[in-house]
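Just below is one structure, and these are the notes that go with it.
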Amino acid sequence: QVQLVESGGDLVQTGGSLKLSCAASGNIFSVNDMGWYRQTPGKQRELVAVITSEGGTIYADSVKGRFTISRDSAKNTVYLQMNSLKSEDTAVYYCHYRRYLFKNEEYWGQGTQVTVSS
């Protein structure tokens, strides 16, 4: 069992910045991917960014150049620095953990609301 707790969601104006945090705890396998997904009502959850345990990153085209994902291995914490926020970034942001080596498992956080006003 892995627990993921997000924080940092807020109401910000267009062009502003936010930094989300996700603290993982429990039975964490050292080789894993952690990422951020977002979802708005009536839409599918979409990948925003992912970072591997080795530091490799992937970003959705819509956030490239504006968002930066990072992780602190000692704290089992992943961050999402969001700059130049747009109204289209408004969503519930979910932290995600995925193990793929030797066995497959995934866990989700409860989500944190990001609202960008225009």
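Fair warning: this is a prediction, and the values are worked out from it, not measured in the lab.
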| Parallel, tilted or perpendicular, as decided by the 30° and 60° cut-offs, for the rings of Phe29 and Phe102 |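 Taking Phe29 first and then Phe102, their aromatic rings stand perpendicular (interplane angle over 60°).
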| task | Specify whether Tyr93 and Phe67 have parallel, tilted or perpendicular ring planes, treating 30° as the upper limit for parallel and 60° as the lower limit for perpendicular. | result |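 Tilted: the ring planes of Tyr93 and Phe67 meet at 30° to 60°.
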| query | In chain order, what residues pass the side-chain contact (heavy atoms from CB on, under 4.5 Å) check against Thr52, with sequence neighbours excluded? | reply | Asp33, Glu54
Just checking, any donor-acceptor pair under 3.5 angstrom between side chains of [X] and [Y]?
{"X": "Gln39", "Y": "Gln44", "answer": "no"}
{"X": "Glu106", "Y": "Asn104", "answer": "no"}
{"X": "Arg71", "Y": "Asn32", "answer": "yes"}
{"X": "Asp72", "Y": "Thr77", "answer": "no"}

What is the minimum heavy-atom distance between [X] and [Y], and which atoms define it?
{"X": "Gln110", "Y": "Val5", "answer": "OE1-CA, 3.9 Å"}
{"X": "Trp36", "Y": "Ser21", "answer": "CH2-O, 3.5 Å"}
{"X": "Ser30", "Y": "Ser53", "answer": "O-CB, 3.4 Å"}
{"X": "Ser17", "Y": "Asn83", "answer": "OG-OD1, 2.9 Å"}
{"X": "Arg66", "Y": "Ser84", "answer": "NH1-O, 3.0 Å"}

| message | Regarding Asp89 and Lys86, does a basic nitrogen lie under 4.0 Å from an acidic carboxylate oxygen? | response | no
Distance, nearest 0.5 Å, that separates [atom1] of [X] from [atom2] of [Y]:
{"X": "Ser25", "Y": "Lys75", "atom1": "OG", "atom2": "NZ", "value": "14.5 Å"}
{"X": "Leu4", "Y": "His96", "atom1": "CG", "atom2": "NE2", "value": "8.5 Å"}
{"X": "Ile28", "Y": "Gln3", "atom1": "CD1", "atom2": "CD", "value": "8.0 Å"}

Hydrophobic cluster membership, [X] vs [Y], 4.5 Å side-chain cutoff:
{"X": "Val2", "Y": "Ile51", "result": "yes"}
{"X": "Tyr94", "Y": "Tyr107", "result": "no"}
{"X": "Ile69", "Y": "Leu18", "result": "yes"}
{"X": "Ile58", "Y": "Tyr37", "result": "yes"}
{"X": "Leu80", "Y": "Leu11", "result": "no"}

Quick one: does any side-chain atom of [X] pair with a main-chain N or O of [Y] as donor and acceptor, under 3.5 Å?
{"X": "Glu6", "Y": "Cys22", "value": "no"}
{"X": "Thr112", "Y": "Gly9", "value": "yes"}
{"X": "Tyr97", "Y": "Gly35", "value": "no"}
{"X": "Thr14", "Y": "Ser117", "value": "yes"}
{"X": "Thr90", "Y": "Val116", "value": "yes"}

| task | Kindly write out the residues that satisfy salt bridge (charged side-chain N to carboxylate O under 4.0 Å, His left out) with Arg45, not counting sequence neighbours, or none if the list is empty. | result | none
| query | Sequence neighbours excluded, which residues qualify as salt bridge (charged side-chain N to carboxylate O under 4.0 Å, His left out) partners of Glu46? | reply |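 Here the qualifying residues are Arg38.
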| Is there a side-chain contact between Glu88 and Ser62, using heavy atoms and a 4.5 Å cut-off? | no
| Taking C-beta and beyond as the side chain, do Val31 and Arg99 meet within less than 4.5 Å on heavy atoms? |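 With C-beta onward as the side chain, the pair stays apart.
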